[in-house]
Structures are given as C-alpha cells and as structure tokens.
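Here is the structure we will look at.
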Amino acid sequence: MIILGLVILVAAVVIGVAGVLSNSGNAHEFTGGFSVFGADVTGSTGTLFLYGIVVGAAALFGLSLLLTGTRRTARRGRRARRELKQNRRETAAAEQERGALINERDSARAQPAQSERADEEPAGPAEHPRRKHHWFRHRAAH
C-alpha cells in the first residue's frame, strides 16, 4: 500500500510540474491550448482548473495511501516489539522457576543420600556386585 501511494503521489507531482513548466510564457495563455507530455488539451480556463483539481485529488489520494501504510507498518512494529518483550519476560520467569525446581529436586535427593551414608558401616565392602547398566535392559547373547 505504501508503494502504491508513493507511485500515485509521484505521478501526480510529475504531471502537475510538467504541465506547468511546458505551458509557461506568453505563447501559452489560459485561453489557448494546453499540452501535457506532448498531448494537446483544449478547453476553457474552467476545464484547465478542473484538470488541476483532478491532479490534486490524485496527489491527495496517493499521499493518504502512503501515510496509512506507514502508520500500519509502525503499528505492527510496535505490537511485535511489545510481544517480544512479553515473551522474554515470560521466558525469564519460566527459567527462574525451572532453576528453583531443579534446586529443590537436588536438595531432596541429597537429604536421603546423606542419611543412608550415615546408617552404613564405613568398614565393610559393598554387598552388591558391580552391574553394568544397559539402556535396553537385557542384552541378547551372541
């Protein structure tokens, strides 16, 4: 929408400037012929004024499209930045909560392990033989 508005605005300005510059001087009075880009336009002063109104309206329409598109783009950018801030805050809060839960879990695991170590006899060897832990439990014999 921004590009369309800009194109219409630039076209209206170019046509208006070309019409004024190509028809200046004593040879081109309002009562005579009028030409834009080599095309002769005949008519009265009122017709010329009407053409000016049409070109001005086209320029105004192009400018309004340009400004509307710019506002919409800026609004989207603000909304995206606001959502990004909110997501970052939520992520930080979730990370803090996760860290707190991990600390609680580690401390809960450490307490029974400390009480078991206190109950064991430090002089005796381990009663359980060493076992290899496999990911898929039992391994098939080859």
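For this chain, numbers begin at 1 and follow the sequence in order.
Listed by first and then second residue, the side chain to side chain donor-acceptor pair (under 3.5 Å) pairs involving residues 60-76 amount to none (not counting sequence neighbours). Listed by first and then second residue, the side chain to side chain donor-acceptor pair (under 3.5 Å) pairs involving residues 92-107 amount to none (not counting sequence neighbours).
Looking at residues two or more places apart in sequence or on another chain, you find a side chain to side chain contact (heavy atoms under 4.5 Å, CB included) between Val10 and Leu6, Val14. Take Leu60 and apply the side chain to side chain contact (heavy atoms under 4.5 Å, CB included) test, not counting sequence neighbours, and it matches no residue. Qualifying side chain to side chain contact (heavy atoms under 4.5 Å, CB included) partners for Leu84, counting only residues two or more places apart in sequence or in other chains: Arg88. For Ile8, the side chain to side chain contact (heavy atoms under 4.5 Å, CB included) partners are Leu4, Phe61, Leu65, not counting sequence neighbours. Contacts of Arg89 classified as side chain to side chain donor-acceptor pair (under 3.5 Å), with partners at least two apart in sequence or in another chain: Gln86.
Hydrophobic cluster of Val7: the remaining members, joined at side-chain heavy-atom separations below 4.5 Å, are Ile3, listed by chain and number.
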